[in-house]
There are 2 protein chains.
Amino acid sequence: MTRPSAYHHGDLRRALLDAAAEAIGESGPAALSLRDLARRAGVSHAAPAYHFGDKAGLLTALAAQGFDLLTRALRAAGDDLLEAGVAYVGFAVRHRAHFEVMFRPDLHRADDPELVAARARAGGVLRGGVARRTDRDPDADALAAWSIVHGFATLWLSGALPPRVGTDPEAAARAIAGRLFP
Amino acid sequence: MTRPSAYHHGDLRRALLDAAAEAIGESGPAALSLRDLARRAGVSHAAPAYHFGDKAGLLTALAAQGFDLLTRALRAAGDDLLEAGVAYVGFAVRHRAHFEVMFRPDLHRADDPELVAARARAGGVLRGGVARRTDRDPDADALAAWSIVHGFATLWLSGALPPRVGTDPEAAARAIAGRLFP
DNA sequence: ATTTTAACTTGCCATTGACAAGATGTGACC
DNA sequence: GGTCACATCTTGTCAATGGCAAGTTAAAAT
């Protein structure tokens, strides 16, 4: 049903975001080109500008989408703090492109209202899970928990980890996150 | 004494690396331009290619330099594991540009021999410090420790942390890293 | 049926990375 | 002292990119 006719693509905005996630997954955010996305979507090279203004605008939208995906992933993990941490890592691996853009402020507009809101929603879920679990200073515990899963996810994605860690990121994450709250 | 005469700059390679670190510190790696670096160093636009081949070559060299700086920073922190973690965060904040490039494989050539060697040296120091300290599985403990300080450093640099964390990254790092090995 | 408006296109320009070919000093060798 | 080889930088060029301006098309509103 997708109208291949150039004009009124129908869902170009989503198509471009999908293409961006795919392209970033292939070659990283540095190699991303708006014109390549336009080609993938079958539209002219200036079409993306209409929906996103410029490159930063597109990546801002992608980051916001990422935070909403993360929110859902954390909620789905339930009340268990450890499983939430595992879900965080799982999200990073499964939505690598989103994850990379979300925490790279030089690629997007960090003060964009929609992005700020989406980030706040995710942050709320994250800290809520910690507060339910710990009996000590919740802020510090939340930061420690966030740091360890975020750090592991980042290291995993960067390929800096030795092969000894294995091939299952979520299992490895469970092992190390369990060390924080034994 | 710095010869401003164009030809035979004298230390162009180092000058370009310095300029790159400065430029990345100002606007992030995404906005880095070889031609801008050349302008900063007062040479022609093609001069960088001689020393580094291409953009990835320059960033590979910067990453390798970063791992050596990290190695020195960790060694200087001494035998205490907690202080090594704090030093890791201090390095990331103080050498932000290096740190960002070091863990972004889409920006450099991860299999470059010099980079591989520099990374291995840093990894050796890192794991050595952990093995001296823990009595449990050293590999898993090393990974957990690395993850928590790396994650905190990354979050700090990304600006994603709430203001509540404060303005002193090393103090905050000490607080949360202490939770891993109480 | 006409007008308005949303969603694209075409055309253009400055900037960039990469490459090729040339210029210029520097030191080696005789 | 002269020449030669080489390392280091320059000039020139090209295709690709991001972003802007102006035009075009189709769908919706009146």
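Throughout, protein chains are lettered first and strands after them, A, B, ... in sequence-line order, and every chain is numbered starting at 1.
At a threshold of 4.5 Å between non-hydrogen side-chain atoms, the residues A:Leu126 and A:Trp146 count as touching.
Ring-plane geometry between B:Phe99 and B:His150 is classed as tilted, the angle between the planes lying from 30 to 60 degrees on a 0 to 90 degree scale.
Taking atom CG of A:Leu32 as the reference point, atom C1' of D:dG18 lies 12 Å away to the nearest angstrom. Summarising the geometry, the separation between CG on A:Leu34 and C1' on C:dT9 is reported as 16 Å, rounded to the nearest angstrom. One atom, CZ of B:Arg35, and another, C1' of C:dC19, lie 11 Å apart when rounded to the nearest Å. One can place CZ of B:Arg39 at 11 Å from C1' of C:dA14, the figure rounded to the nearest angstrom. Spacing between atom NE2 of B:His45 and atom C1' of C:dA23 amounts to 14 Å, rounded to whole angstrom units. Following rounding to the nearest Å, A:Leu12 (CG) and D:dA26 (P) show an atom-to-atom distance of 16 Å. Atom pair A:Tyr50:OH and D:dT24:C1' shows a separation of 14 Å (rounding to whole Å applied). Here the P atom of nucleotide D:dG18 and the NZ atom of A:Lys55 are 5 Å apart, to the nearest Å.
Here the side chain of A:Arg39 pairs a donor or acceptor atom with the backbone of A:Arg35 at under 3.5 angstrom. Of the possible polar contacts, one joining the B:His108 side chain to the B:Val101 backbone as a donor-acceptor pair under 3.5 Å is found.
Counting non-hydrogen atoms under 4.0 angstrom, A:Ala49 reaches nothing in the nucleic acid. Residue-level contact check: B:His51 touches the backbone only, with heavy atoms under 4.0 Å from sugar-phosphate atoms and none from bases. Residue contacts for B:Leu58: at a heavy-atom cut-off of 4.0 Å it reaches no nucleic acid atom on any strand shown. Residue B:Leu37 is classed as having no contact, given no heavy-atom separation below 4.0 Å to the nucleic acid.
Of the candidate nucleotides D:dT10, C:dA18, C:dT10, C:dT10 has the atom nearest to the side chain of A:Ser44.
Residue B:Ser33 places none of its side-chain N or O atoms closer than 4.0 Å to OP1 or OP2 of C:dT15.
The two atoms that bring A:Ile148 and A:Ile176 nearest to each other are CD1-O, 3.9 Å, heavy atoms only.
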